[in-house]
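Take a look at the structure below.
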Amino acid sequence: MTGPITPAKPTPGKVPTRVIPNEAGAAAEAAACLAGGGLVAFPTETVYGLGADATNATAVAKLYAAKGRPSFNPLIAHVIDLPAARRLAVFDATAERLAAKFWPGPLTLVLKKRTGCPVADLATAGLDSIAVRVPDHELAREIIKRLGHPVVAPSANRSGHVSPTTAKHVLDDLQGRVDLIIDGGPAAVGVESTIVALLDRPLLLRPGGLPRNEIRRVLGKDPDDAPASVMDPEALIAPGMMASHYAPRTTLRLNATDVKPGEALLAFGANLPKGTENAVRVLNLSPAGDLLEAAANLFSDLRTLDAAEATGIAVMKVPFEGLGEAINDRLARAAAPRDN
Ligand code: AMP
Ligand code: MG
């Protein structure tokens, strides 16, 4: 069979996974699969990545489901070159210098997200910042170029497992969960990209393939080490951790079974609670009760309701199965009291 396998609504664990060699046509097939909302594992210069079209929130939701993470962490958007990166993020002089010197290569920059950035809110976990990188691997570059969109590509393993450096590792972990695996032989072992945030001051978020002294040479000084808690993706929305963290200003009321006067409603499923007709604004994560769809809508819906000038946001119960765990995790964090 040729062409992408992109079932309309694949259930994790039920997708027919194909493995193809890195030969002529592989990049075209991968790009077609990604364009159809599919998941493709491919080698990069670091480890095997699990790619999804970064602008397709449903594909990104499928990626989180395939990896089986109990929470959403922000993903790195891989682009073809610096002009493509400038369409996603705001580059100051320091960012320009680092990019000019080290891209393509194992350096990820966390920058302010540009207004109108086409990357799905889910891929950046609702943050106002975005992680971008230009990879230095021929196949990865060819896939990105043919797709014509940024590609999110975290390591192609199940959550909690080690990063894969061969197609066999990927298959062992993700068979039945991804559409396509491209076998490009062993990847350069286990060195992930170095992550530097340039939000207020340069912070080294993750040591990786690009040594710190290389960065020092361009900055003229060492980047500060991020506090350990910043490396916990959940801490990214904690008050004061990052200049651009996102958390709704409006108070969330979880597991709501009614809507109180002045409240907006974040609904899930078909059975709307009493008081819905008086809600300031109603958005439904998924009228059909589909958790993939709910995940895809979560962060953008929260932002929209946050701007609705409601006294609070009533949030209907979301089941805990599958992606529901990550959705509930994020809702609980967004509802937690904070002091700024
Ligand atoms: P990876 O699993 O290699 O794709 O790396 C993803 C990691 O990049 C996340 O777990 C974060 O540590 C970091 N990251 C991505 N986006 C951001 C962001 N907007 N702000 C801070 N860190 C980020
Ligand atoms: Mg990983």
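All residue numbers in this chain count up from 1 along the given sequence.
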In Å, rounded to the nearest 0.5 Å, how long is the span from [atom1] of [X] to [atom2] of [Y]?
X	Y	atom1	atom2	answer
N297	T58	CG	OG1	7.5 Å
K317	N328	NZ	CG	7.5 Å
K145	I143	NZ	CD1	12.5 Å
H137	T46	NE2	OG1	9.0 Å
L109	L199	CG	CG	10.5 Å
H169	H161	NE2	NE2	13.0 Å

Exercise for the section: Would you please test V259 and N278 for side chain to side chain contact (heavy atoms under 4.5 Å, CB included) and show each step? Expected result: CA-CA 8 Å; V259 183; N278 297 323; over 6 Å; no

With a 3.5 Å distance limit and no angle check, can you tell me whether [X] reaches the backbone of [Y] through a side-chain donor-acceptor pair?
X	Y	value
K168	D183	no
D53	A35	no
R281	L265	no
R330	S71	no
D222	R216	no
R69	A326	no
Y64	L292	no

Heavy-atom closest contact ([X] atom, [Y] atom, distance):
X	Y	value
L331	V315	CD1-CG1, 3.9 Å
G38	L34	O-CD2, 3.5 Å
P223	I215	CG-CG2, 4.1 Å
L323	A61	CD1-O, 3.4 Å
L39	A66	CD1-CB, 3.7 Å
N22	L139	OD1-CD1, 3.5 Å

Practice task
Assess whether side chain to side chain donor-acceptor pair (under 3.5 Å) is satisfied between R206 and S193, documenting all intermediate values.
Solution key: CA-CA 8 Å; R206 176 174 81 185; S193 63; 3.1 Å; yes

Going by heavy atoms in the side chains, are [X] and [Y] under 4.5 Å from each other?
X	Y	value
S155	K67	yes
C117	I130	yes
E45	P135	yes
T17	R177	no
P118	R87	no
D329	P70	no
V79	P150	yes
T194	L204	yes

Handout entry: Full working for side chain to side chain contact (heavy atoms under 4.5 Å, CB included) between L82 and F91
Key = CA-CA 10 Å; L82 178 54; F91 278 70; 3.6 Å; yes

Exercise for the section: Could you tell me whether E96 and R86 have a side-chain N and a carboxylate O separated by less than 4.0 Å? Expected result: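 Yes.
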
Handout entry: NZ/NE/NH1/NH2 to OD/OE distance under 4.0 Å, D128 and K113
Key =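 No, D128 and K113 are not salt-bridged.
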
Would you say [X] and [Y] are hydrophobically clustered, going by side-chain heavy atoms of ILVMFWY under 4.5 Å?
X	Y	value
V162	V170	no
L63	L171	yes
L252	F320	no
L174	V19	yes
V90	V132	no

Exercise for the section: Evaluate the side chain to side chain contact (heavy atoms under 4.5 Å, CB included) criterion for residues V196 and F102: first the C-alpha distance (whole Å), next the side-chain angles of each, then the deciding distance (0.1 Å), finally the verdict. Expected result: CA-CA 12 Å; V196 174; F102 299 119; over 6 Å; no

Exercise for the section: Could you tell me whether N271 atom CG has more than 12 heavy atoms of other residues or ligands within 6.0 Å of it? Expected result: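 Open.
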
Exercise for the section: Begin from the C-alpha positions of L198 and L98 and carry the test side chain to side chain contact (heavy atoms under 4.5 Å, CB included) through to its verdict. Expected result: CA-CA 10 Å; L198 298 172; L98 286 171; 3.9 Å; yes

Exercise for the section: Can you run down the salt bridge (Lys or Arg N to Asp or Glu O under 4.0 Å) pairs that involve residues 263-275, sequence neighbours left out, and say none if there aren't any? Expected result: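 Every salt bridge (Lys or Arg N to Asp or Glu O under 4.0 Å) pair that includes a residue of residues 263-275, provided the two are not neighbours, is R253-E263.
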
